[in-house]
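Report on one structure; see the data block that follows.
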Amino acid sequence: MKNREVADILRKTAQLLDIKGDNPYRIRAYERASQTIESLTKDVEELAREGKLETIPGIGADLANKIREILKTGTLSTFEELKKEIPPVLLTFLEIPGLGPKKVKVIYEKYGITSIEDLEKACLQHKIAKLPGFGFKTEENILKGIRLFRERTGRRPLGEVLPLAEEVVFLLRNRAPVIDIAIAGSIRRQKETVKDIDILITTQQAETTMKVVAELPLVEEIIALGDTKTSVRLRSGIQMDVRVVEPEAWGAALAYFTGSKAHNIRIRELALERGLKINEYGVFRGEERIAGRTEEEVYAVLGLPFIPPELREDRGEIEVALQGKLPQLVNYEDILGDGHVHSKYSDGSASLEEIILKAEALGLSWVAICDHSQGLKIAGGVPVEELWKKKKRIEELNNRSQKVKLIMGAEVDILSDGTLDYPDEVLKEIDFVIAGIHTGFQQDERQITFRLVSALKHPLVHAIAHPTGRVLGEREPYAVNMEEVLEAAKTYGKALEINAYYKRLDLNDIYVKASVEKGIPLIIGTDAHHVDQMDFLKLGVGVARRGWCEKKDLLNTLSYEKVIEWSKKHKS
DNA sequence: GCCGTTTTCGGCCCGACTGTTTTCAGTCG
C-alpha cells in the first residue's frame, strides 16, 4: 500500500505545480514518477533500502531524494510549501470537466474562490464571465461541470461499460456507412475501470457517420461535434468519444486511441530518436507517410513487435519489446476451466446440471464448485452433512458427463483468528480448497496478514480467494501486507485467485504481475452466483494479460486430470 | 526534473475542438 501513498503525494505535487504555472516538463517528471511508482511490482520502500531508487526510469537524484523524504516523514516539504501557496482544495476543481490548471489559477487569484459552492455562486452572479479569457459560454460550462461533478460516480467497472460499448458498435455497424469500427481506449486495454468509451471508425462518409452517432438513442447530450471527432454523453452518464479516420490511418489511429497516454509518449519519443514523427494519421519521415494502415506496421517501423493492448501502460513493455522478450500472453482460448463457481448448495442460483450446461456452452472442460463453508450463514454456508451429499452428486455427474467435469471445491472462510471454517478431516475430502476472508475486515494489517499467511501455510489449502478483499467503488482493500502474502504463497507453493467478478478483479493487474515474477501459480475464478456470471471469465483473462500472464502461469489452462493432479500434490 | 551510440545543456508528443478571440490559449485525450 506504501507505493500508492508515495504516488499520491507526487501526483498532487504535480497538479499544484501545474496550477502554479511551473515548468511543464518538471510537472511531467512528477507525473511520470507518480505513475511509475504506482505500477511498481516491488515495494518502493524496499527499493529505497537497497539504494535502487535511481535505477527506476524517470527517477533521478532529486526525485529519489524526495521519495526517501516521503518514506521517512510521510510527506514532502516541496508539497507542504506548495500547499501554503495554493490551497489544495483547488485540486478538486481540476476534476470539474472543462476546468484546467490555467482557469483554476485565474479564478483563485482574481476572486480567492476556494470552494465549489463559492465557484457556483460566482457563476450564477456572472462574475466568472468577466474574467479575461472567460465568457458566458465558459460560465455555463463550469456550472454544467459542477452538476456532473456532483452526480459523478467516478470511474466505472469495465464489466459495466463494456456491454454498452459493444451495443454502440453493433448499432453503428447497422446504421452508419462504416468500413472499420473498433473499441479503443482503456476498454481495449482491459483496464479494470474506465472513464469513457472510445470508438474508432473508418468511413468514406465522415459527416453522415457523425450525424448518426449524435442521433443514437443512447445519447443524452452532445458535448462536441466536429468533422472527425464527436463527443457525447450517454444516458448512463458516461462520456463517449468517436473518431473518424481514413483507412490508410487505421492502424496509427487505433494505436493512438488505445493509449495509454504514457505508452504513446514513449512510442513517440522512440520515433523522434529515429527521425520519425507519429501522430494518429501515421508514421512520417518528413512529409512521407511510411506506415499507418495496421498497428503491426506502426510498431514494425520503430523496430518493435506488436505489443498487445493490455501491456501498453509504460510498465516496461517497450524495453522488453525492444529486446524481443515480450511475454506470450495467455489467450481466452487457452482457458479450460473456471476455478470458483457457487451453486444452489450455498448462495448460488444454479444447479450443478445448469452449471455443466453453461460450461459446455463456454467451451470449458471443468468447473470448480466452491460453495461457502458452514459458518458463513448469511451466504448459505454448507453444513458438513450437506457437503457429503454434494460430493456424492458431483461424482455421479462426473461419471455421466463426458465434456465437462466438476471439481469438488469449497470457499472456506478464514476465521478471525486465522483458523479455517471446516475441520481438517472435512478439508481432506475436498479437492479444491480456496480460503478467503469474509468477516473481520476492520482488523489491523498485522492480524489480516497473519490470517492469510496462516491459511497459506495450512497443508489442506490450495488457494486464496479474492486476496485483497476490495470491491470496486464500494470497499477499499482490507489492510494487508501483500509482500508477505506473496512470499507465503511462493514458499508453500499455493495459488492466488484472480477473482473475475466484475466488481472485484482481485488480484489486480499489478499483483498479478508480481506473482508471475515470483512464479506463484494463479487461478481465475468468476465467483459466479448465477450462470450468466460465468461470462466474467473474459474479464479475468483481461486482468491476467494485463499482469503479463503466460499460459503456464494459470491453473485454468490445465486439463481436468492435470488440475486434480496439482490439487493432490498440494495437499500434503 | 530527467536524460544523452548526436548532447552534461537544451531539448522534452501531438492534434481536435471550443470559446473567446481577430490569431490563439486552454482543455482534453
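Residue numbering restarts at 1 for every chain, and letters A, B, ... go by the order of the sequence lines.
Checking R155(A) against T193(A) by side-chain atom types alone, a donor-acceptor pair falls below 3.5 Å. Donor-acceptor pairing under 3.5 Å is lacking for the side chains of T526(A) and Q533(A). Between the side chains of N499(A) and D506(A), no donor-acceptor pair is found at a separation under 3.5 Å. For the residue pair E313(A) / S39(A), no side-chain donor-acceptor distance below 3.5 Å is found, with atom types taken as modelled. Side-chain polar atoms of N331(A) and R545(A) form a donor-acceptor pair below 3.5 angstrom.
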Chi angles and distances behind the side-chain contact (heavy atoms from CB on, under 4.5 Å) call for L554(A), I498(A): CA-CA 10 Å; L554(A) 278 179; I498(A) 300 174; 4.3 Å; yes
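Contact annotation for I27(A): no contact, since no heavy-atom pair falls under 4.0 Å across all strands. Within the 4.0 angstrom heavy-atom criterion, only backbone atoms of the sugar-phosphate kind lie near P101(A); the bases stay farther away. Residue contacts for T228(A): at a heavy-atom cut-off of 4.0 Å it reaches the sugar-phosphate backbone alone, with no base atom in range. Within the 4.0 angstrom heavy-atom criterion, no nucleotide atom of any strand lies near K105(A). Within the 4.0 angstrom heavy-atom criterion, no nucleotide atom of any strand lies near P132(A). Among the atoms of the strands shown, none is found under 4.0 Å from any heavy atom of R32(A). Contact annotation for L99(A): backbone-only contact, meaning every heavy-atom pair under 4.0 Å involves sugar-phosphate atoms and none involves a base. Here G185(A) lies out of heavy-atom contact (under 4.0 Å) with every strand. F136(A) comes within 4.0 angstrom of the backbone, heavy atoms only, and of no base.
Mapping V104(A) and F134(A) onto DNA chain B by nearest heavy atom places F134(A) closer to the 5' end of the strand. Both L276(A) and D198(A) sit near DNA chain B, but only L276(A) has its closest nucleotide nearer the 5' end.
Rounded to whole Å, the P atom of dC28(B) lies 15 Å from the corresponding atom of dT20(B). Taking the C1' atoms as reference points, dC3(B) lies 9 Å from dT8(B), given to the whole Å. dT5(B) and dG1(B): their P atoms are spaced 23 Å apart (whole Å). Going from the C1' atom of dT6(B) to that of dC12(B) covers 16 Å, rounded to whole Å. The separation of dG15(B) from dG4(B), taken at their C1' atoms, amounts to 28 Å, rounded to a whole angstrom. Across dC9(B) and dC14(B), the matching C1' atoms stand 25 Å from one another, rounded to whole Å. Nucleotides dT27(B) and dT21(B), compared at atom P, are 15 Å apart to the nearest Å. Going from the P atom of dT7(B) to that of dG11(B) covers 14 Å, rounded to whole Å.
D314(A) pairs with exactly one of R189(A), R266(A), R268(A), K261(A) by the salt bridge (charged side-chain N to carboxylate O under 4.0 Å, His left out) rule, that one being R266(A). The only option from E295(A), E310(A), E166(A) that meets the salt bridge (charged side-chain N to carboxylate O under 4.0 Å, His left out) definition with R188(A) turns out to be E295(A).
As the counterpart of dT8(B), no nucleotide is assigned, since no Watson-Crick or G-U wobble pattern has both distances under 3.5 Å.
Chain A approaches DNA chain B over the interval dG1(B) to dG29(B), counting the first and last nucleotide 5' to 3' with an atom under 4.0 Å from its heavy atoms.
Annotation: cation-pi pair K538(A)/Y332(A) present, NZ/CZ under 6.0 Å from the ring centroid and within 45° of its normal. Taking the centre and axis of the six-membered ring of F306(A), the NZ or CZ atom of R312(A) falls inside the cone set by 45° and 6.0 Å.
Contact check of residues 250-264 of chain A against DNA chain B (heavy atom, cut-off under 4.0 Å) returns Y256(A), K261(A).
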